[in-house]
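Quick notes on the structure that follows.
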Amino acid sequence: MKDSFFRSMTWLHTWVGLLTCWVLFLVFFAGTAAYYRAEINLWMQPENHISQYDTNADNQQLILKGLTSLAQQAPNAESWWVYLPTQRMPLLTYAWSEPATEGQRFGDYHQGFINPSTGDTLPKARESRGGDFLYRLHFDLYYMSALTARWIVGFCTMFMLVAIISGIVIHKRIFKDFFSFRPAKGPRSWLDAHAASSVLALPFHLMITYTGLVTLMFMYMPWGLSTQYGDETQAFYSQLRPIFNSSTPSGEAATMLSPQQLLASLSAVIPMNDETASPIEMLQVEHLNDANASVTVRMSPEHSLNQQAPWYRFSAVTGKLTEESTATSAANKTQSTMIALHSGRFAGQGLRLLYLLAGITGCVMIATGAIMWAEKLAQKQQKSGQFKPGLALVQMLNLATFAGLPIALASYFYANRLLPVTFADREYWEIQCFFISWALVALLACFKRDRQIWQRLFLFTALLYGLLPLLNAITSQYQLISNLQRQAYVLAGFDLMMLALAALFYMAAKRLRSPKKVRATQATKATTELGIES
Amino acid sequence: MTEKIEMTRPLTQRLTRWKTSTIWRDSLHVGNRCLAAIFGGYLLSAVATILLAQILPLSQVDRVLTAMMLSFTVYTCTVLWVFSVKSMWRFWLDILALSGLLYLAYLATKALDINPIQGGGL
């Protein structure tokens, strides 16, 4: 009985893992990259590379600057936003949305940047989706409606959870195997690599999968909500997240306070330049020029694990404080902690690096698992002499996905710098470059999928990433050395990360070449054994 | 001989035993389990969420939230269970009966208005 349980769990782990692994790899890959969303955004607009984070910046002056720019440029907008500079995004960002026209759910969104050290508005940067594309790709995929994509991703995530739990069940010697790695032994090594990458970051894999489901649970599992609240789900959401519970416009026109007056009433309540208090993250003005016009100020959740930073809401007409954050319940905190753990927004640069490493481990876990399946089957079919199309399909998908996606990401970065700034639909074509290069690798995988092509593609990937800092030096005002000198660590960090990736792929390519000798001897041994048997 | 061992036995061996009918039988068995795991599992976790959202001793918002967050645990356990039991069709009965019972429990608690804290905010 016990034995059959293990056997069925092994079966389940294998098939659930295999059938969802390619989508899961895409989700893990894009999600891991999206931990550096802000950094990628900055890198992909070299026009904005000028500035660096200034710890002594005067927040009041910056907010005033943002509000005045908005008052000048978009006096009739629907909403305004001002984002204060952070370590990760050293520019002051101001944005506005126009009233939604017919058939639109939200009006058009525009944004501008201000250099916080000089106070100059920066010229319009090139159009690029930057890291936001990777963030969306992570759960909205592409070329399909967001709703369909989220169901697909949710389905695969659910079965990732099943694969993880059944994987733990079948891994009898979890601690012993953790310390054993037998390189250059064919499928055995793949198994070891798979086990090591899974066990090493197991808490992360479990956490990220479960919290991933929780981030979209209102869509996946709404039944408790609909039986409890019926048609009044809005009441639930406004109790859950009162910060998003904005007032409705009254329809009565009113004159709003000037930016200076607004700032004065805000700073009467909120500590503005206090070193010990958490800084302001952003400021949102809604229903402009309406009697119900409001200003919401959200403090930075920087060091809070549950992201529930304090916030304040003022009337933009009278300047009075109308609403303020209150303590939330344990369940509410648990849910927002789960989301925060998933998105890692609270993470500083050190922890963010750990997130990246754990994410890469996840990619390795998925890839090695799928490759191991193919290797085992290939060995079996080699022995029996029967080759089936299923194996070729898996090998093809493996190569196309695991070797293709890193190349696609590099191509996305190259397209960002090589497409002319005035290129029509630039944003769109940057993304197309991502998918075109991925499709090219997939096409290649239809014809060749041996060890040599893996190795060559990895070498090519290493070359692509290795040359990115050079491309940046040519196409931006600053390069790695000057960025380090002027302490623009976000940009310098991006270049260093690319070099590290290049090194990683180079090592992988090297590993793929070296065990050839061992494999050759194994093969001859196997054939002689077979010869003896026959 | 249980179908569990059948499932993991090499295909060629099974072919000689059952001739062509085995492939059909196997895909039927696996497909059946998959359907039970995917849809039955979802059904059971949905009903469990509905019941928990009614009876947990918390405010209404918290009940709904907590029940939702727990639902994926129920789903995972159901999938593992469906794939580990020996019987071929029994799990359907179990899932449907259990879901029915949980739903009845929900209806009963709702009708009797048994929940520790009514309404409630944050």
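What you see is a predicted model; the values in this text were computed from it and never measured. Letters go in sequence order (proteins before strands), and every chain restarts at 1.
Put simply, the side chain of A:Tyr210 gets close to the backbone of B:Thr73: a donor and an acceptor are under 3.5 Å apart. Judged by distance alone, the side chain of B:Gln60 and the main-chain N or O of A:Gln228 form a donor-acceptor pair under 3.5 Å.
For B:Ala67, no part lies under 4.5 angstrom from a heavy atom of chain A. If you measure heavy-atom distances from A:Leu12 to chain B, the contacts under 4.5 Å come from the side chain alone. Contact annotation for A:Met221: both backbone and side-chain heavy atoms come within less than 4.5 Å of a heavy atom of chain B. For chain B, the nearby part of A:Met158 is the side chain; its heavy atoms alone come within less than 4.5 Å.
Nearest approach of B:Tyr42 to A:Pro222, heavy atoms of both residues: OH-CD, 4.3 Å. Nearest heavy atoms, B:Met69 versus A:Ala331: CE-O, 3.7 Å.
Contact tally against chain A (heavy-atom pairs below 4.5 Å) for B:Cys34, B:Cys77, B:Ala37, B:Ala53: the top residue is B:Ala53.
Side-chain contact between A:Ser329 and B:Val61 is absent, with no heavy atoms from C-beta onward closer than 4.5 Å. A heavy-atom distance below 4.5 Å is not found between the side chains of A:Leu161 and B:Tyr75.
Here OG1 of B:Thr76 is found 12.0 Å from CE of A:Met160. Values are rounded to the nearest 0.5 Å. Note that CG of B:Leu65 and NZ of A:Lys333 are 13.5 Å apart. Values are rounded to the nearest 0.5 Å.
With sequence neighbours excluded, the residues satisfying side-chain hydrogen bond (donor to acceptor under 3.5 Å, both in side chains) with A:Arg313 are A:Thr296, A:Glu323. For A:Thr14, there are no side-chain hydrogen bond (donor to acceptor under 3.5 Å, both in side chains) partners two or more places apart in sequence or in a different chain.
The environment of CH2 in B:Trp92 is crowded: more than 12 heavy-atom neighbours from other residues, nucleotides or ligands sit within 6.0 Å. A 6.0 Å sphere centred on CH2 of A:Trp223 holds no more than 12 heavy atoms belonging to other residues, nucleotides or ligands.
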